Undergrad: 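Pasting a structure below so you can have a look.
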Number of protein chains: 4
Amino acid sequence: MANKKQLRIGLIGCGFMGRTHTNAYKRVGDFFPELTWSPVLQAICSRNESKVNAFKDQWGYTSAETDWKKLVSRDDIDAVDICTPNNSHAEIAIAAAAAGKMVLCEKPLARDLKESEPMVTAIEKAGVKNTVWYNYRRVPAVTLAKQIIDSGKLGRIFHYRANFLQDWTINAELPQGGDALWRIDASAAGSGVTGDLLAHCIDTAMWLNGGIKDVSAMTETFIKERMHQLTGKVEKVGIDDACAFICHFNNGSLGLFESTRYARGHKALYTFEINGENASIRWDLHDLNRLEFFDYADEGIVRGWRSIHVTDGDHPYMKKWWVPGLSIGYEHTFVHQAADFLRSLETGEPCAPTFRDALETQKVCEAVIASAAGRSWKETGVKI
Amino acid sequence: MANKKQLRIGLIGCGFMGRTHTNAYKRVGDFFPELTWSPVLQAICSRNESKVNAFKDQWGYTSAETDWKKLVSRDDIDAVDICTPNNSHAEIAIAAAAAGKMVLCEKPLARDLKESEPMVTAIEKAGVKNTVWYNYRRVPAVTLAKQIIDSGKLGRIFHYRANFLQDWTINAELPQGGDALWRIDASAAGSGVTGDLLAHCIDTAMWLNGGIKDVSAMTETFIKERMHQLTGKVEKVGIDDACAFICHFNNGSLGLFESTRYARGHKALYTFEINGENASIRWDLHDLNRLEFFDYADEGIVRGWRSIHVTDGDHPYMKKWWVPGLSIGYEHTFVHQAADFLRSLETGEPCAPTFRDALETQKVCEAVIASAAGRSWKETGVKI
Amino acid sequence: MANKKQLRIGLIGCGFMGRTHTNAYKRVGDFFPELTWSPVLQAICSRNESKVNAFKDQWGYTSAETDWKKLVSRDDIDAVDICTPNNSHAEIAIAAAAAGKMVLCEKPLARDLKESEPMVTAIEKAGVKNTVWYNYRRVPAVTLAKQIIDSGKLGRIFHYRANFLQDWTINAELPQGGDALWRIDASAAGSGVTGDLLAHCIDTAMWLNGGIKDVSAMTETFIKERMHQLTGKVEKVGIDDACAFICHFNNGSLGLFESTRYARGHKALYTFEINGENASIRWDLHDLNRLEFFDYADEGIVRGWRSIHVTDGDHPYMKKWWVPGLSIGYEHTFVHQAADFLRSLETGEPCAPTFRDALETQKVCEAVIASAAGRSWKETGVKI
Amino acid sequence: MANKKQLRIGLIGCGFMGRTHTNAYKRVGDFFPELTWSPVLQAICSRNESKVNAFKDQWGYTSAETDWKKLVSRDDIDAVDICTPNNSHAEIAIAAAAAGKMVLCEKPLARDLKESEPMVTAIEKAGVKNTVWYNYRRVPAVTLAKQIIDSGKLGRIFHYRANFLQDWTINAELPQGGDALWRIDASAAGSGVTGDLLAHCIDTAMWLNGGIKDVSAMTETFIKERMHQLTGKVEKVGIDDACAFICHFNNGSLGLFESTRYARGHKALYTFEINGENASIRWDLHDLNRLEFFDYADEGIVRGWRSIHVTDGDHPYMKKWWVPGLSIGYEHTFVHQAADFLRSLETGEPCAPTFRDALETQKVCEAVIASAAGRSWKETGVKI
């Protein structure tokens, strides 16, 4: 450890994502010992002083801040990791880039496209290392899907379908806003499931299948009013509870996407499937260690969907962990992204998805929201 | 048998559907002995004389015809069953109704809405018994879904999603047209997957969840030209190879539908899922004896999707068959519909779906095709 | 039909198996039209006159008998099909063979080995066509398993495991004996799950993997006394409610078998799995159209169990039925065996499993019961 | 952290288990911050100096030793954690106990019963805290199974079945012995799959269903000779490659157990199922976040096996991790056991399974091996 280069992290936000990222930094060295860079938990930042201090103590940060501007300006911080609600991503990222810090940002980039574009400009102008935590790319099974697709096994692609189904906001008594529920407060989140869930589906989709060209979408807010935790009043719900769209990809394939928080029975069911001329692939977050693969090249009478338990040493990332058959979980995706980010410091390569990559996803989200509002097809402008 | 009332069937078309219907008529009496009506295989009709005679001999029809008009006019025929390609449904049905025959018609009603409306008018004017073979309503698991929904267990409905995925036309060398491949010939079929597959999904959906209000659709023809078996020339493919749409139901829930013949790995995967406030249901044709059911009323720590093996005596239709745990298959859905049709002769009740019911499905198909062509939302006009 | 050779069937027993066999005879001609022999429902026999007449009327038998001896002696009967409780199999089969009839017998051959041996002697001495209805061999997925094994894809076999789990006798109030419940009356059935369920597992196992050499077994009767329907008195239960055994096959592989009627949650879960050096196979009656297959020869990173939906035209028996993706059910196994029996009349080949084949299964059952009684390993004497 | 009591760990063995335990110690404080004890990585020990130093550096141990006797005698060690091959467990545990150290020991306790008994005597005489790492008890789904069973939901138990199937030693070229392959060297491991895999199944089984009374077992060594890595010579293989047994539990239920390293297609498939009068449970390590549960009390027509995704806050251990629907993996079971061990220091309660508990499992293993050798039933002597 002593002779590793230290990457001093200043992390902002100590909610759910603050925990997953911090855990990733603490674990990455144990499992990726070959890395020459080592993350250091230099500072944690959150407005609530007692909360940030408790987090600092629990996780072992060296220092705590309550003002992110102060953190961003500290000389002993190399990289700023943004785990705050969406409405502060832009301001923090731009300031951090201006201060010459590397920037790691939770997804989505920001509340909307207008906020996102200057972030990319700022990051690229500053020329700082950056990445956006679309963590599901680094589920080993999903990375394997990418490998299979890149190998050409699928041939011409006809179809892509994905959904992200949850059921945690069905209760009308659930309030909106505040620390725990900012995801159902439009001013903090920008959108509802579109930015929270579909953004993941879109990022994965465009990584695997190229750009989405145009969309026709619908959104719905099933519970129209909820008590707001910050005002104490019943207020209009501004987010989309559900969103679905059909689309064309630039490669001519058809896409179908859906997300909701009103699919009773699904806690966090993120699935995707891609159908090619010669083979197909599907995946499901609830059983994240498996990838299903159908290969038409198999002999006819024994042809069938294969259930691949993606836990072998030659599967992506898996030689770092245990032995074949033994599962890893959700949190490992963040460890993998942390490892890849640290490796990118060695290689000088970007660590995808970069802010620019994430901007493409934001364009699709923007087109989706606009399409739903206008009940019409929208071009996304995505060129990849 | 001797003291049963005889229903003399004249069946037109001896392809795949001719076989399933004939089989249903032959078996229904064995398993539903309480019925007072008994079908009699009076006549089979098809243009090809040698083929129709072979079919007659194989299945035990009393007589064969090569001209459907002759069959429709025979005095010894009580009911005409139409198993021909879609382009002849209207003419035959109208003639049969005019001749005072009961009419049973394969789905979809016809190639399009314009052809379908006069059929309903004719049937209703004649006042004849009628039904359309949307057979999947009578998979016991699907009928059970209907029972559960009708019991109110689901509460307010938020989502409905369905797809019907096949992969049998991916090969570009497959020709179009002729007896075996009329389904990929637009002049015979009217549409591609919309009428062939989505029509099933729509029928089930509106039976379970009420009318579809409006749609935004896309269609695609992946293979643009195929050799036509009747002309021997390479001709433009006029059907939709794939179709997907998003929609609103009249009850405020959101819908998502997709069908294709280009989903490598899926032979005939018809699935649907419905999410309510209190419970959810899903089903899959590939494992048709199972229904999955999630009930939020279950105690939290042991709550989960239930896999119901729908083979008990108290499950719909199942006391007629074997013992718990023993599966039935695809063909039984036709036996059930035949039984229900015969029972409707006793009770005087309609046998759903009637021509009028099927017209509603046709309206949605029409709106889907129009929406895809115009890249815009379309109202379906469905009022149920 | 007219120019087919007629096989006049006299079927004894109009319970569950009487129905499945009768159905098979009625359907086989429709789906296997190439057969030169055609079964004729000549006579149905059962002691209860009103019941046998109702069965005759429902299913369309030409005549009814109440005395099986009379049926066996009728000149207009070519084949006797025995669907009675196990305790009458031997007497009927021997008499039928003596009368020169072909004999088809429900499994197991008889209550025990002592009863079974003279049956085989009688059948072979008479030289009559015969078969025993171990119907699960003719589930298409199971037949496919046999094909795969015979192709050598599995290599050296290490393991075979099977179970047959039900839960229908858990209720202590369920009586024993009588027409419906003879399976839990030792005097009628001989044994409990050993002859009823394990016999199926053993027949399949030895067909797929060769003879079972020796066994160590245990049996249990969980409910010790039940009211007997014939005497009206509470009587000791003589059958085994559950039975499990470990064994060696003649080929050196290890076996594990279990059956019970006390496995809450399983209606009729018959599963088997075979593990070879190069590949493995497993199957489950609850999803009988699927076969799972693992091939180590597949490329490592995409290796996984394949779920084969055994519904294609090149799968065993399936070209006779519908189209790919459309399921068949339990009853079709009997249609397949009827077809194979009729074909064997053309070819002169035996229709496996013959009485002699079934005797081997009986030997294993006998060894199992003896091993459990004596708490010791028993050799089966099976040489195949 | 500062005001936590420190538990200074001396861990012996830096193989697979050394990694899982070390990881557990490093993570437990982050996720169980309420614990008053905190583990400190005081010393790592292994005979190979370069290897132990590399491990020390990678994982952050304070010191390294190459002689376990030295480690055991160090004053700055509070607890000794034994992760060595089975043949050194006894000597180390006895010495550590004699030195007054707490002892944590990888399973199985030792190579056989004779080695195990003095360990328990020594531990109990010393009165030191102890636990044995039968980690699968602390898969949340398995802990939930225990809760459900303890709640009485299952009623009288009829059946328990478990297997642990792997396929990693099928290749005859795989050598035996040495650091990586001591598990297939009888002198190091004692037994093969019996101690390595079945011991897990037995521990879980007796925890869930009480003591195993008697067994009838068989074992097999499929590959009789392998090159030995320590001698360089082809030597007889002394371990059991496969083992299966039938048994009675003290509560009258029947058991069936199997393990092998020759089940092609299974990497680490540990499954168990328990059938009670009123409900049943089953679980599978390959999908470790799920528990399947069947409750006969459910309304009949919607009764089915429930697939419980055990990731909710009210599921065992899960409020410590992420949010509903997000999986954890294999390694978390060790974190849970570490947490429970630390908690036991606060409460003064034992941390099950203790050495005494593990001795009961050893008794069953001993009886299994003896039964297989003698081809006879053996009493285990287990009284729980």
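Given the structure is predicted, the values throughout are model-derived calculations rather than measurements.
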Undergrad: State the CD-CZ distance between D:Glu299 and B:Phe293, to the nearest 0.5 angstrom.
TA: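 Here the interatomic distance stands at 8.0 Å.
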Undergrad: What residues of residues 147-156 of chain D sit under 4.5 Å from chain B when only non-hydrogen atoms are counted?
TA: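 Against chain B, the residues of residues 147-156 of chain D that fall inside the cut-off (heavy atoms, under 4.5 Å) are D:Gln147, D:Ile148, D:Lys153.
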Undergrad: Pick whichever of D:Asp298, D:Asp312, D:Val310 has the most heavy-atom pairs under 4.5 Å with chain B.
TA: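 Looking at each of D:Asp298, D:Asp312, D:Val310 in turn, D:Asp298 comes out on top.
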Undergrad: Kindly check if the number of other-residue, nucleotide or ligand heavy atoms within 6.0 Å of OH (B:Tyr296) is above 12?
TA: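 Open: at most 12 neighbouring heavy atoms sit under 6.0 Å from OH of B:Tyr296.
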Undergrad: So what's closer than 4.5 Å to chain D heavy atoms on B:Ile301: side chain, backbone, both or neither?
TA: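 Both backbone and side chain of B:Ile301 come within 4.5 Å of chain D.
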Undergrad: Please report the interatomic distance CD(B:Glu292) to CH2(D:Trp305), rounded to the nearest 0.5 Å.
TA: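 Rounded to the nearest 0.5 Å, the CD-CH2 separation comes out at 15.0 Å.
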Undergrad: Decide side chain to side chain contact (heavy atoms under 4.5 Å, CB included) for D:Asp295 and B:Val302; before the verdict, give the C-alpha distance in whole Å, the side-chain angles of both, and the deciding distance to 0.1 Å.
TA: CA-CA 10 Å; D:Asp295 191 345; B:Val302 290; over 6 Å; no
